[in-house]
Amino acid sequence: MSAKILYGKDFAALIKEKVRFEVDKMIFKPGLAVIIVGENPASQVYVRNKHKTCEELGINSKVVALPENTTKEELLNVIDELNAAENIQGILVQLPLPDAIKAHSDEILNRINPLKDVDGFHPMNVGNLVIGNPKLVPCTPAGCLEMLDLAGIEIDGKRAVIIGRSNIVGKPMLHLLMARHATVTVCHSHTKNLAEITREADILVAAMGKPKFVTADMIKPGAVVIDVGINRIAPKKLVGDVDFDAAVEIAGAITPVPGGVGLLTVAMLMKNVVTATKLQIGV
């Protein structure tokens with residue numbers, strides 16, 4: 001058996017088409033502000049991709065580039081200005097922040113108006129997700145769920161296992177899947193008998209940041225495997241958290257790395273900009 005490959009570009013295109021349709025209907029074009037501090041090359045690539053996608057979909061894009069030595073207070077002042085700006089409906093701070101202010105990341109992210117928090121990291125948005133009333137949801141797990149829906153993969157009643165408990169992927173993925181009536185187990189570095197648990201999963205989400213950690217013997221035949229990991233093992237070589245070449249012979253469907261979940265993240269960010277705009281104007 002060889003698994004169906006779930007290519008992110010196909011699903012991202014469908015999501016962006018829906019976003020473009022929503023933006024075209026709006027009386028005014030929503031605006032996204034991306035704050036980048038310092039000269040991190042990977043961050044610069046991500047910001048350029050977001051800016052390009054905004055232009056493609058008719059969303060106004062504002063990139064606020066700040067120097068490496070920006071203080072916490074200076075960054076908070078920039079966020080306050082964007083919170084008050086009527087032409088900005090979405091704000092995100094590109095992570096990671098420089099070492100000098102990295103320890104204040106939570107305080108900085110929490111300064112963003114929760115209605116403009118298109119990353120979905122503000123405690124108010126986290127709380128809404130936990131109680132089953134999601135507003136703005138972290139883009140990567142939301143993209144995983146959107147992909148399952150677009151691929152016609154049933155979630156209701158299925159056994160789902162998530163490896164990884166980060167605030168960005170693992171925890172929000174738990175609540176998204178539970179809300180869709182999956183039975184969910186979250187595994188982590190202290191989990192005993194991990195392979196026994198993962199072999200029970202109809203839907204297996206790998207999000208722990210360890211290259212090729214999930215091997216074929218950890219996968220239930222025919223399972224859906226979502227690989228969220230992006231690990232650089234050579235200058236031009238990226239792999240996921242799943243041993244793809246082995247897993248593809250066992251799984252029923254699987255996302256590749258690169259070319260899988262990562263491509264959905266920016267598309268879902270654009271969807272969050274539209275959602276944020278509607279929340280702010282009361283639609």
Side-chain angles (χ1 to χ4, degrees), residues 3-19 32 34 36 40-57 59 61 90 92-96 118-121 136-151 153 162-174 176-177 203-214 224-245 247-248 251 253-273:
K4 177 182 179 183
I5 311 299
L6 302 173
Y7 290 107
K9 65 178 182 180
D10 299 330
F11 301 105
L14 293 172
I15 295 166
K16 288 192 285 188
E17 183 179 337
K18 293 178 182 178
V19 170
L32 170 66
V34 179
I36 179 170
N40 183 297
S43 292
Q44 290 176 330
V45 171
Y46 295 142
V47 170
R48 282 197 297 269
N49 288 341
K50 290 165 184 173
H51 179 73
K52 180 180 177 182
T53 306
C54 281
E55 291 186 329
E56 177 187 341
L57 301 182
I59 294 171
S61 173
L92 71 84
V93 176
Q94 184 66 44
L95 301 177
V118 287
D119 265 336
F121 295 159
L136 294 166
V137 178
C139 301
T140 298
C144 293
L145 200 74
E146 191 90 2
M147 180 182 61
L148 291 173
D149 286 340
L150 291 171
I153 294 170
I162 302 165
I163 312 176
R165 52 179 171 177
S166 73
N167 292 332
I168 295 173
V169 179
K171 290 176 183 176
M173 195 81 227
L174 160 67
L176 289 170
L177 288 168
I203 300 170
L204 178 61
V205 182
M208 82 295 298
K210 294 185 177 181
K212 299 186 179 183
F213 178 85
V214 177
V224 177
V225 179
I226 302 175
D227 191 351
V228 184
I230 300 178
N231 307 285
R232 189 174 297 278
I233 60 172
K236 295 186 178 181
K237 177 70 172 177
L238 294 176
V239 299
D241 290 349
V242 177
D243 184 353
F244 181 86
D245 292 339
V248 75
I254 188 170
T255 62
V257 176
V261 171
L263 295 175
L264 295 171
T265 300
V266 173
M268 293 306 295
L269 172 64
M270 301 300 128
K271 183 175 181 179
N272 272 356
V273 173

Inset, instruction - Check the pair Tyr46 / Val34 against side-chain contact (heavy atoms from CB on, under 4.5 Å), numbers first and verdict last. - result: CA-CA 10 Å; Tyr46 295 142; Val34 179; over 6 Å; no
Once rounded to the nearest 0.5 Å, what's the spacing between atom [atom1] of [X] and atom [atom2] of [Y]?
X: Lys50; Y: Ser61; atom1: NZ; atom2: OG; result: 10.5 Å
X: Leu177; Y: Ile162; atom1: CG; atom2: CD1; result: 5.0 Å
X: Ile254; Y: Ile226; atom1: CD1; atom2: CD1; result: 10.5 Å
X: Leu57; Y: Lys16; atom1: CG; atom2: NZ; result: 6.5 Å
X: Cys54; Y: Leu32; atom1: SG; atom2: CG; result: 4.5 Å
X: Glu146; Y: Lys18; atom1: CD; atom2: NZ; result: 5.5 Å

Inset, instruction - Would you check, one step at a time, whether the test side-chain contact (heavy atoms from CB on, under 4.5 Å) holds for Lys237 with Val239? - result: CA-CA 7 Å; Lys237 177 70 172 177; Val239 299; 3.8 Å; yes
With no hydrogens and no angle check, is any side-chain donor or acceptor of [X] less than 3.5 Å from a backbone partner on [Y]?
X: Asp119; Y: Leu92; result: no
X: Asn272; Y: Leu136; result: no
X: Arg232; Y: Pro235; result: yes
X: Asp243; Y: Val214; result: no
X: Asp241; Y: Lys212; result: no

Can you give me every donor-acceptor pair (side chain of residues 5-13, partner residue at least two apart or in another chain, under 3.5 Å) with its distance?
none

In a table with atom names and distances, give each donor-acceptor pair under 3.5 Å that connects a side chain of residues 255-266 to protein atoms at least two apart or in another chain.
{"unit_1": "Thr255", "atom_1": "OG1", "unit_2": "Asp227", "atom_2": "N", "d": "2.8"}
{"unit_1": "Thr265", "atom_1": "OG1", "unit_2": "Thr140", "atom_2": "OG1", "d": "3.0"}

Legend entry - Pairwise side-chain contact, Lys171 with Ser166, heavy-atom cut-off 4.5 Å (strictly under): no
Legend entry - Minimal non-hydrogen separation, Ala142 against Met268, with atom names: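 Reported closest heavy-atom pair: CB-CE, 3.8 Å.
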Legend entry - For Met270 against Ile59, the heavy-atom pair lying closest together: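 Closest approach of Met270 to Ile59, heavy atoms only: SD-CD1, 3.8 Å.
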Inset, instruction - Check whether more than 12 heavy atoms from other residues, nucleotides or ligands sit under 6.0 Å from atom CD of Glu56, and answer yes or no. - result: yes
